[in-house]
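As the structure is a prediction and not an experimental result, all values here were calculated from the model.
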Amino acid sequence: ESELRRAMLLDFGDAVASLGGSYVTAEDVGTGAADMAVIAERTAHVVGLPGERGGSGDPSPVTARGVLAAMRACLEHRFGDSSLAGVRVCVVGAGHVGGQLARLLVGAGAEVTIADVDPPRRAPAEELGAAWIDPSEALMADCDVLAPCALGGVIDAETVDRLRCGIVCGAANNVLADERLAADLTRRGIVYAPDFIANAGGLISVYAELHHLDRQAVTTLVDHIGITIGLILDAADRHHTTPLAEAQSLALQRLKGTAAAA
């Protein structure tokens with residue numbers, strides 16, 4: 001299996017190389033810094049390399065820090081207090097980022113419940129002091145914050161009205177199966193942190209590797225995720241829109257500004 005994995009990664013490296021730098025690859029679900037090192041045998045357009053190779057390493061801890069900042073902003077907006085002490089958080093998916101996030105949450109005094117489709121992850125979760133819940137029940141858990149940290153599309157037309165949380169803020173991409181569900185969350189009074197902002201820490205980490213930014217610069221940028229989420233939530237209230245619509249609008253403004261500057 002390891003030989004097959006290596007062969008697949010090398011083939012992927014060839015594919016990335018063929019794009020001539022228009023695409024730069026990095027870690028995602030199921031891959032790590034060691035895999036990036038294999039890909040780097042075939043292309044220079046890769047980030048997230050191990051530290052000994054001069055890379056930024058696993059971006060998961062940075063992603064988790066950004067999600068935590070986003071979560072604090074959501075708590076401030078929803079409850080008027082950014083403290084995580086006593087806040088009930090259900091982390092759905094205890095992989096690289098979800099596991100890191102759970103540790104940060106426990107350290108901040110939150111009451112953490114974890115769900116994962118991989119049963120061996122139960123023991124580490126309980127050692128951390130978190131409760132365990134079956135993945136089939138996790139989305140409907142009675143909690144303050146639902147943190148989807150696995151694959152996308154978990155909130156769909158069937159589950160959106162069954163949620164029992166006040167906030168949705170996690171590390172997963174494309175949490176909403178359909179963008180129109182953002183309006184359903186707003187209708188229900190559930191605060192939603194748009195995923196591409198909440199989970200931007202990982203991207204910031206590999207961006208920093210590309211542009212040779214130091215650790216303090218990365219920390220500053222990642223912590224700013226909370227400020228951005230707060231601005232978006234406030235704008236959504238003012239304009240009677242959704243956080244997703246405001247986030248997309250802000251992203252388009254910045255892209256146009258970048259294009260104009262170029």
Side-chain angles (χ1 to χ4, degrees), residues 27-30 32 58-79 81-156 159-160 162-177 185 190-202 205 222 225-226 229:
E27 284 96 331
D28 206 331
V29 178
D58 180 11
S60 300
V62 187
T63 306
R65 183 185 179 108
V67 174
L68 193 75
M71 202 175 285
R72 288 187 181 279
C74 290
L75 288 165
E76 177 68 37
H77 187 84
R78 180 75 163 77
F79 302 114
D81 186 350
S82 63
S83 172
L84 283 153
V87 173
R88 299 167 302 154
V89 184
C90 183
V91 178
V92 185
H96 291 304
V97 179
Q100 291 280 354
L101 178 62
R103 288 184 184 88
L104 293 175
L105 288 167
V106 169
E111 296 179 11
V112 181
T113 300
I114 294 175
D116 197 283
V117 294
D118 191 0
R121 287 179 175 163
R122 178 169 186 167
E126 292 179 341
E127 287 172 13
L128 188 64
W132 182 265
I133 188 172
D134 188 275
S136 64
E137 302 172 6
L139 284 181
M140 276 60 75
D142 185 3
C143 58
D144 299 309
V145 184
L146 179 68
C149 293
L151 299 179
V154 291
I155 296 178
D156 57 27
T159 57
V160 68
R162 298 169 62 196
L163 297 175
R164 300 167 65 200
C165 58
I167 293 166
V168 174
C169 178
N173 289 319
N174 305 314
V175 170
L176 305 181
L185 292 175
I190 297 173
V191 172
Y192 172 59
D195 48 69
F196 59 87
I197 297 178
N199 66 19
S205 176
V222 171
I225 286 172
I229 289 290

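- Side-chain contact between Ser83 and Leu75: absent, with no pair of heavy atoms (C-beta onward) separated by less than 4.5 Å.
- Arg72 contributes atom CZ, which lies 9.5 Å from atom CG of Asp81 (distance to the nearest 0.5 angstrom).
- Minimum interatomic distance between Ala138 and Leu146 (heavy atoms only, all atoms of both residues): O-CD1, 3.8 Å.
- Between Leu163 and Leu185 there is a side-chain heavy-atom pair separated by less than 4.5 Å.
- Put simply, the side chain of Leu84 reaches to within 4.5 Å of the side chain of Leu68, judged on heavy atoms.
- Residues Val112 and Leu128 have side chains not in contact (no heavy-atom distance under 4.5 Å, counting atoms from C-beta outward).
- Rounded to the nearest 0.5 angstrom, Leu101 CG and Thr63 OG1 are separated by 10.5 Å.
- Qualifying side chain to side chain donor-acceptor pair (under 3.5 Å) partners for Asp156, counting only residues two or more places apart in sequence or in other chains: Thr159.
- Taking all atoms of both residues into account, the shortest heavy-atom contact from Glu126 to Trp132 is OE2-CB, 3.9 Å.
- Note that CD of Glu27 and OG of Ser205 are 8.0 Å apart. Values are rounded to the nearest 0.5 Å.
- Nearest approach of Ala198 to Ile229, heavy atoms of both residues: N-CD1, 4.4 Å.
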Note to self: Applying side-chain contact (heavy atoms from CB on, under 4.5 Å) to Val87 and Met71, what does each step give before you reach the verdict?
What the structure shows: CA-CA 11 Å; Val87 173; Met71 202 175 285; over 6 Å; no
Next item on the list: Walk me through it: do Asp58 and Ser60 pass the test side-chain hydrogen bond (donor to acceptor under 3.5 Å, both in side chains)?
Entry: CA-CA 6 Å; Asp58 180 11; Ser60 300; 2.8 Å; yes
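- Residues passing the side chain to side chain donor-acceptor pair (under 3.5 Å) test with Glu76: none are found, sequence neighbours excluded.
- With sequence neighbours excluded, no residue forms a side chain to side chain donor-acceptor pair (under 3.5 Å) with Arg164.
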Check: What do the steps show when you test Leu105 against Val145 for side-chain contact (heavy atoms from CB on, under 4.5 Å), and what is the final call?
Finding: CA-CA 11 Å; Leu105 288 167; Val145 184; over 6 Å; no
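- The two atoms that bring Cys149 and Val91 nearest to each other are SG-CG1, 4.1 Å, heavy atoms only.
- Applying the salt bridge (charged side-chain N to carboxylate O under 4.0 Å, His left out) definition to pairs two or more places apart or across chains, those involving residues 83-96 are Arg88-Asp142, Arg88-Asp144.
- When all heavy atoms of Phe196 and Asn199 are compared, the pair lying nearest together is CA-OD1, 3.6 Å.
- With sequence neighbours excluded, no residue forms a side chain to side chain donor-acceptor pair (under 3.5 Å) with Arg103.
- The structure places CE of Met140 at 9.0 Å from CD1 of Ile133, a figure rounded to the nearest 0.5 Å.
- In terms of heavy atoms, Ala102 sits closest to Ile114 at CB-CD1, 3.7 Å.
- Applying the side-chain contact (heavy atoms from CB on, under 4.5 Å) test to Asp118 and every residue at least two apart in sequence or in another chain returns Asp116, Pro120, Arg121.
- Separating the CD1 atom in Ile155 from the CZ atom in Arg162 is a distance of 12.5 Å, to the nearest 0.5 Å.
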